[in-house]
Amino acid sequence: MQVGARFDELREQALAELAACADERALEAWRAAWLGRQDGRITLLLRSVKDQPPDERPAFGKAANALRAELEDALEAKRQELKERALRELATLRALDVTLPGRRPTRGTLHPVTQTLRDCIRAFEAMGFRVFEGPEVEWAYYNFDAVRIPEDHPARDMWDTLWVDALVDGERKMLLRTHTSPNQIRVLERHAPPIRVIVPGKCYRQEATDATHEWMLTQIEGLAVDEGVRMSDLKGVLYDFARRIFGHDRRIIFHHSYFPFVEPGVEMAIDCFRCRGSGAECPTCHGSGWIEILGAGMVHPEIIANAGLDPSRYTGFAFGLGIERVAMLRWGIEDIRHFYQNDLRFLRQF
Ligand code: FA5
């Protein structure tokens, strides 16, 4: 066989096998088989130059060297081709479609109870009250005993309590505060008259929920203690508050009420936005025509005395306002339970 023809056959076979290589491993196997230093077929071919008849050696050697160079170039070209294909595939996998419409960033709003709380705080701040904060996990002492609700007092039943499971001195003494009134004591312990503070915050009660009762509620406690503070001051502050929040056309009523930490005690209610007092079947006010929004009264003289102040000289008023009820009245929301169900159809309306 002619040297040229033999080499053509080898070239064809080598290039066909190379073309079939699909990855780096196949390429390496091909390289070892054809160009491997030990026993690659081309290496063996080059080594066999000396076995050729002397007159054919130069042509044989030249052709074998040319074939080796050609296969080395073909290997390099194939390697490059595989690399580029892999990069192209990766690019399609991670492709960004710049023609897709963008995602609109979602924008939140303040929860309606938070909005109302802030508006109420602003109304009291405008009347000279300063904001104070107290703990949500409270000692039974502040929540009950210090505000004149002893262990066996029936008033404890008014606030069905969520107790914290930890025992302190063998007793459960910590609870989720049932009202913000423990802060009357916390403020009196730390500050001297003249006192004019409000204390906003969450409270918790083990309560069967209905249209106007939730087990978590937000209150603002108000406390003013000074020489000569009177019931008329309390009424003036609360009227002014109601006008700032609800406007002039809302009706307000004070009823006598009982809270162990005030004397006398009152409840303030606003006319029912739903039935305006006419509907005996109204599910919001239960037919009374009024929705109670706060409890209030003159600070009990015993609490003034326990704070180290002379009750014949210092007097004060206190109130505890329910913020969810205020939000319901403002926006005509018929059920308090909407607030904490996280239903965006409800929350997006504010
Ligand atoms: C109290 O919590 C007293 N600490 C208020 C007080 C403070 C009286 C200072 C005197 C002096 P009461 O339990 O009535 O009282 O609650 C006060 C207000 O919180 C209610 O008028 C109402 O607006 C709101 N509230 C009470 N319970 C709930 C409830 N379960 N869900 C929603 N709001 C409530």
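Whatever order the structure lists them in is the order used to number ligands and atoms, beginning at 1. Source: prediction; values computed, not measured. Numbers for residues simply follow the sequence, beginning at 1.
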Q: Sort and list the pairs that fulfil side chain to side chain donor-acceptor pair (under 3.5 Å) and have at least one residue in residues 42-53, not counting sequence neighbours.
A: none
Q | Where at least one partner belongs to residues 312-324, residue pairs that pass salt bridge (Lys or Arg N to Asp or Glu O under 4.0 Å), sequence neighbours excluded | A | Glu227-Arg313
(Q) Counting only heavy atoms and a distance below 4.0 Å, can you name the residues contacting ligand 1? (A) Trp159, His179, Ser181, Gln184, Arg205, Glu207, Thr212, His213, Glu214, Leu217, Gln219, Glu221, Phe259, Phe261, Val262, Glu292, Ile293, Leu294, Gly295, Ala296, Ala318, Phe319, Gly320, Gly322, Arg325, Ile336
Q | Qualifying residues under salt bridge (Lys or Arg N to Asp or Glu O under 4.0 Å), relative to Arg85, sequence neighbours excluded | A | Glu81
**Q.** Side-chain heavy atoms of Leu217 within contact of Ile323, under 4.5 Å
**A.** no
Q. What class does the angle between the rings of Phe241 and Phe124 fall in, given that below 30° is parallel, 30 to 60° is tilted and above 60° is perpendicular?
A. parallel
Q: For the pair Phe129 and Phe319, name the ring-plane relationship: parallel under 30°, tilted 30 to 60°, perpendicular over 60°.
A: perpendicular
